[in-house]
Amino acid sequence: IDFDAYYEGLRREPPPAVQVARAKARYYERQRDRLKREMINPFQLMFMGGQGDLGEARIGAGLAYELPMVQRNQGPRARAEAERLRAGIESEVKQNYIQARIDGIVRQFIEDGEAYQVLTDFALPAADQAIEAATETARGGKEDAFVILFSRRERVMLSLQRLEIAERQWTLLGELIQLTGELP
């Protein structure tokens, strides 16, 4: 996995959780601005026309304005401002948390990969050689079968450790995808 390219992609576009928090902050900012614009009620100009009881034409015009003439909307505006601030702080906290978590996951993934390579390249071949040596020693009559069983058990334990590392790497990869929404 090329983690340098992955980091570059994360710098261009923030993770989905951060995008959601930023979108909430923009929404509440627009709501606050809308409530500020609606403080003064609009004028309404009315034209009416029709017929009276005797068929005569009736025409009228008027101007309407709602009372109270000025709405403060202090409560909704304050709530919108508080939600905007909360969403902004939430996006920063999520960004920092996700970045720290991604750094830790990548470091652990790389170290697990190195451990997997050591097990594959050195430990398992050495365990195979230990089994062969124990078998030859037992054939020569120098050791009993217990040493062979013990060597085989150690070989199986090393194989299980390698599988556990592979499982941990898949788990880390899944968590990385869950945090960022992208496959590295």
Side-chain angles (χ1 to χ4, degrees), residues 1-39 71-134 148-184:
I1 298 175
D2 184 12
F3 285 112
D4 293 332
Y6 186 66
Y7 276 131
E8 187 62 35
L10 290 177
R11 284 189 199 99
R12 277 186 264 124
E13 187 175 324
V18 176
Q19 289 179 2
V20 167
R22 288 181 183 171
K24 283 182 184 178
R26 285 192 303 272
Y27 168 76
Y28 287 117
E29 182 177 4
R30 290 181 183 144
Q31 184 180 20
R32 181 199 61 191
D33 293 343
R34 179 183 56 84
L35 288 169
K36 192 173 186 180
R37 280 192 314 270
E38 292 176 356
M39 281 175 47
Q71 296 180 8
R72 293 282 183 212
N73 290 335
Q74 283 181 313
R77 280 188 3 223
R79 196 172 309 113
E81 178 65 19
E83 288 295 325
R84 183 190 68 81
L85 290 173
R86 183 199 57 76
I89 291 169
E90 181 182 351
S91 73
E92 292 300 317
V93 167
K94 283 184 178 183
Q95 176 71 36
N96 293 336
Y97 167 76
I98 290 173
Q99 189 60 46
R101 189 71 186 117
I102 288 171
D103 292 342
I105 288 171
V106 168
R107 269 197 308 270
Q108 187 174 359
F109 191 88
I110 291 171
E111 289 174 8
D112 282 349
E114 291 171 359
Y116 187 88
Q117 282 304 116
V118 167
L119 281 171
T120 302
D121 295 343
F122 300 109
L124 288 173
D128 290 336
Q129 291 173 356
I131 291 171
E132 289 177 22
I148 298 172
L149 292 175
F150 185 74
S151 298
R152 287 182 182 167
R153 182 184 70 92
E154 290 301 316
R155 167 68 165 90
V156 169
M157 294 299 288
L158 289 172
S159 296
L160 286 175
Q161 282 180 346
R162 189 170 71 162
L163 287 174
E164 286 174 359
I165 289 172
E167 177 192 16
R168 191 167 47 239
Q169 283 190 313
W170 277 108
T171 302
L172 291 171
L173 192 60
E175 190 174 345
L176 197 61
I177 292 169
Q178 183 181 6
L179 285 172
T180 62
E182 292 186 25
L183 184 65

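Fair warning: this is a prediction, and the values are worked out from it, not measured in the lab.
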Item to check | Tyr28 and Gln31: CA distance, side-chain angles, deciding distance, side-chain contact (heavy atoms from CB on, under 4.5 Å) verdict | outcome: CA-CA 5 Å; Tyr28 287 117; Gln31 184 180 20; 3.2 Å; yes
Item to check | Distance in Å, Leu124 CG paired with Gln161 CD, rounded so as to fall on 0.5 Å steps | outcome: 9.0 Å
Checklist outcome for this item: In short, Phe109 meets Leu172 closest at the heavy-atom pair N-CD1, 3.9 Å
Checklist entry - Between the side chains of Gln99 and Asp103, is a donor N or O closer than 3.5 angstrom to an acceptor N or O? => result yes
Checklist entry - So how far is it from Asp112 CG to Ile105 CD1, rounded to the nearest 0.5 Å? => result 11.5 Å
Checklist outcome for this item: Heavy-atom nearest pair, Pro15 first then Ile98, reads CG-CG2, 3.6 Å
Item to check | Arg34 atom CZ: more than 12 heavy-atom contacts under 6.0 Å | outcome: yes
Item to check | Distance in Å, Ile110 CD1 paired with Phe3 CZ, rounded so as to fall on 0.5 Å steps | outcome: 5.5 Å
Next on the checklist: Side chains of Ser91 and Val20, heavy atoms from C-beta outward: is any pair under 4.5 Å?
Outcome noted: no
Checklist entry - Residues two or more places apart in sequence or in another chain: which of them pass side chain to side chain contact (heavy atoms under 4.5 Å, CB included) with Glu81? => result Arg32, Arg84, Leu85
Checklist entry - Cut-off 3.5 Å, side chains only: do Arg155 and Ser151 have a donor facing an acceptor? => result no
Checklist outcome for this item: When rounded to the nearest 0.5 Å, the distance separating CG of Leu158 from CZ of Arg153 is 10.0 Å
Next on the checklist: Would you say that Arg101 contacts Glu175 through its side chain, given a criterion of any heavy-atom pair below 4.5 Å between the two side chains?
Outcome noted: yes
Checklist entry - Does the distance from a Lys or Arg side-chain N to an Asp or Glu carboxylate O, for Lys94 and Glu90, drop under 4.0 Å? => result yes
Next on the checklist: Does Arg162 form a side-chain contact (heavy atoms from CB on, under 4.5 Å) with Ile165? I'd like the steps, not just the answer.
Outcome noted: CA-CA 5 Å; Arg162 189 170 71 162; Ile165 289 172; 5.7 Å; no
Checklist entry - Just wondering, are more than 12 heavy atoms of other shown residues or ligands nearer than 6.0 Å to CD in Gln19? => result yes
Checklist outcome for this item: Between Thr180 and Pro16 the two heavy atoms that sit nearest each other are O-CD, 3.2 Å
Checklist entry - Applying ring pair (Phe, Tyr, Trp, His ring centres under 6.0 Å), which residue pairs with at least one partner in residues 158-178 are found, sequence neighbours left out? => result none
Item to check | Heavy-atom pair with the smallest gap, counting every atom of Arg77 and Leu35 | outcome: CG-CB, 3.5 Å
Item to check | Minimum heavy-atom distance Arg22-Pro14, with the two atoms named | outcome: NH1-CG, 3.4 Å
Item to check | Sidechain N-carboxylate O distance under 4.0 Å for Glu83, Arg86 | outcome: yes
Checklist outcome for this item: Shortest non-hydrogen pair, Ala25 vs Ala87, comes out as N-CB, 3.5 Å
